[in-house]
Amino acid sequence: MRKQKKKSRHSKQTHNRQYKDRLWRMIFNNKEDLLQLYNAINHTDYQNPDDLEVNTLEDVLYLSMKNDVSFLVGGTMNLYEHQSTFNPNMPLRGVFYFSRLYEGYVADNNLMIYHEKRVRLPKPKYIVFYNGTKNQPDSMELKLSDCFENTDNEAPCLECTATMLNINYGHNQELMKHCRRLEEYSIFVQCVREYIQSEPSVEDALEKAIDTCINQDVLAEFLKKYRAEVTNMILTTYDKDLYEKTLKEDAREEGREEIRAELNEFKLLNKYLLKSKRYNDLERATEDIEYQKKLLKEFGIE
């Protein structure tokens, strides 16, 4: 019974984040918007959407590893994926994605990989767009090598780096300035979150969020055209109780992380004070928080 209960909870979590992942794919489903996003991230100025070749992985054998969008432009193989939860294993998923993309690229271009002549391949670039509820920095690098159990200093023969960009409202404002579509998506998700917290039902929250965004010219044409689809998508995948529980769990986890950090700082301070034989300072620091902060600053412990 316990196993079945755990499986059901996992299923709810998956559905709870699906609406944003699916909404992301709906919004960025044409080359014009993808090209704008690409230019914003890479500080380029490509103008012709036809220069962009979209290759979405849709092999049913690999549905669990399905990425959102990958495309080739300007000699770079870009893999873009949306995530509604923080996942440090994205680089490992990237290895799976890129192996299939390169396999397809080699076949499509009739590249001879068993000859002496070196083949030329587009450079890989992996971007993860994050908009979960857990607080994260604007940008973070996730590396495959961080997953390895390394017992020596030898560099691994394989590496994959994913750049995670926080696209929650208020983050990466410079990027948002150069990609209005991304900014609108960020505003809409934030609007839905706020109304869900204040309205008695998810249905009422969605009505107000969509009306507000249309009136403020945020995804206005998209929401007018796909209002029913967007509403149905969120209603069928959203779990309010689980969402609120997730927020509380994230807050508790952040609190635990802060406590762990403070304990590590205090342990390190104790070590320095003992080594320096500053016993009076050590005793005072255990009772006087302000004095403890002063000593932490003195030893450069941040």
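Owing to the predicted nature of the structure, the values given are computational and were not obtained by experimental measurement.
- Residues Ile210 and Phe188 meet the side-chain proximity criterion, which asks for heavy atoms closer than 4.5 Å.
- For Glu174, the salt bridge (charged side-chain N to carboxylate O under 4.0 Å, His left out) criterion is met by Lys177, not counting sequence neighbours.
- Both Phe28 and Phe222 sit in one connected hydrophobic cluster of ILVMFWY residues. Membership requires side-chain heavy atoms under 4.5 Å apart, directly or through other members.
- The heavy-atom pair separating Asn89 from Cys147 by the smallest distance is OD1-SG, 4.2 Å.
- For Phe86, the CZ atom sits in a packed shell: over 12 heavy atoms of surrounding residues, nucleotides or ligands are nearer than 6.0 Å.
- In this structure, the separation between CG on Leu37 and OH on Tyr185 is 12.0 Å, given to the nearest 0.5 Å.
- Taken to the nearest 0.5 Å, the OH atom of Tyr291 stands 13.5 Å off from the CD1 atom of Ile289.
- At least one side-chain heavy atom of Leu206 sits less than 4.5 Å from a side-chain heavy atom of Val192.
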Handout entry: Test log, rule side chain to side chain contact (heavy atoms under 4.5 Å, CB included), inputs Leu144 and Thr161
Key = CA-CA 6 Å; Leu144 178 66; Thr161 303; over 6 Å; no
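- Once rounded to the nearest 0.5 Å, the distance linking CD of Glu154 with CZ of Phe148 reads 12.0 Å.
- Remark: Ile196 CD1 to Lys208 NZ distance equals 13.5 Å, nearest 0.5 Å.
- Here the side chains of Tyr169 and Glu183 are not in contact, with every heavy-atom distance at 4.5 Å or above.
- For the 3.5 Å distance criterion, the side chains of Gln190 and Glu194 qualify, holding a donor opposite an acceptor.
- Side-chain contact between Asn48 and Asp51: present, with at least one pair of heavy atoms (C-beta onward) separated by less than 4.5 Å.
- A donor-acceptor pair is defined here as one N or O able to donate and one able to accept, closer than 3.5 Å; such a pair exists between the side chain of Arg100 and the backbone of Phe96.
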Solution key, residues 226-233 side-chain donor-acceptor pairs under 3.5 Å, sequence neighbours excluded:
unit_1: Arg227; atom_1: NH1; unit_2: Asp211; atom_2: OD1; d: 3.0
unit_1: Arg227; atom_1: NH2; unit_2: Glu207; atom_2: OE1; d: 2.9
unit_1: Arg227; atom_1: NH2; unit_2: Asp211; atom_2: OD1; d: 2.8
unit_1: Thr231; atom_1: OG1; unit_2: Arg227; atom_2: O; d: 2.8

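- Residues Thr163 and Val128 fail the side-chain proximity criterion, which asks for heavy atoms closer than 4.5 Å.
- Distance check: Asn109 CG to Met112 CE gives 13.0 Å after rounding to the nearest 0.5 Å.
- Following chains of ILVMFWY side-chain contacts shorter than 4.5 Å, one can reach Leu79 starting from Leu142, so the two form part of one hydrophobic cluster.
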Handout entry: side chain to side chain contact (heavy atoms under 4.5 Å, CB included) between Gln83 and Met90, intermediate numbers included
Key = CA-CA 10 Å; Gln83 282 288 298; Met90 297 308 293; 3.8 Å; yes
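- By the rule that hydrophobic residues join a cluster once side-chain heavy atoms approach within less than 4.5 Å of another member, Leu223 and Tyr195 end up as members of separate clusters.
- The line from CZ of Arg25 to CD1 of Ile27 is 12.0 Å long, rounded to the nearest 0.5 Å.
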Handout entry: Candidate pair Gln292 and Glu290, rule side chain to side chain contact (heavy atoms under 4.5 Å, CB included), full reasoning
Key = CA-CA 5 Å; Gln292 182 185 125; Glu290 292 303 318; over 6 Å; no
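- Between Phe98 and Pro124, the shortest heavy-atom distance links the atoms CE2-CB, 3.7 Å.
- Using a distance-only test at 3.5 Å, with no hydrogens or angles considered, a donor-acceptor pair links the side chain of Asn172 to the main chain of Asp138.
- Residues His82 and Asn131 are in side-chain contact: their nearest non-hydrogen atoms beyond the backbone lie under 4.5 Å apart.
- Asp45 and Asn39 get closest at one heavy-atom pair: N-OD1, 3.6 Å.
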Practice task
Would you check, one step at a time, whether the test side chain to side chain contact (heavy atoms under 4.5 Å, CB included) holds for Met164 with Phe129?
Solution key: CA-CA 6 Å; Met164 189 182 81; Phe129 297 94; over 6 Å; no
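- Val106 places none of its side-chain heavy atoms less than 4.5 Å from the side chain of Val119.
- Tested against Arg180, the residues His178, Met176, Glu184 include a single side-chain contact (heavy atoms from CB on, under 4.5 Å) partner, Glu184.
- A salt bridge does not link Lys225 with Glu221: none of the charged nitrogens is closer than 4.0 Å to a carboxylate oxygen.
- Checking side-chain atoms of Tyr102 against main-chain N and O of Pro122 turns up a donor-acceptor pair under 3.5 Å.
- With hydrogens and angles disregarded, no donor-acceptor distance shorter than 3.5 Å links the side chain of Asp288 to the backbone of Arg284.
- Residues Glu81 and Arg93 come closest through the heavy atom pair OE2-NH2, 2.5 Å.
- Contact annotation: the side chain of Tyr272 approaches that of Leu268 to within less than 4.5 Å [non-hydrogen atoms, C-beta and beyond].
- Applying the side-chain hydrogen bond (donor to acceptor under 3.5 Å, both in side chains) rule to Asp33 yields the partners Asn30, Arg181; only residues at least two apart in sequence or on another chain are considered.
- With 3.5 Å as the limit, one finds a donor-acceptor pair spanning the side chains of Asp204 and Ser201.
- Between the Ser145 side chain and the Glu159 main chain, no donor and acceptor come within less than 3.5 Å of each other.
- In this structure, Asn166 and His171 approach most closely via the heavy-atom pair O-CB, 3.3 Å.
- Here the closest non-hydrogen pair linking Cys160 and Val95 is CB-CG2, 3.8 Å.
- Under a 4.0 Å N-O distance rule, the pair Glu298/Arg278 qualifies as a salt bridge.
- Inspection of the Ser84 and Tyr130 side chains reveals no N or O donor paired with an N or O acceptor under 3.5 Å.
- Tested against Asn168 for a side chain to side chain donor-acceptor pair (under 3.5 Å), the candidates Lys134, Gln136, Arg193 yield a single pass: Arg193.
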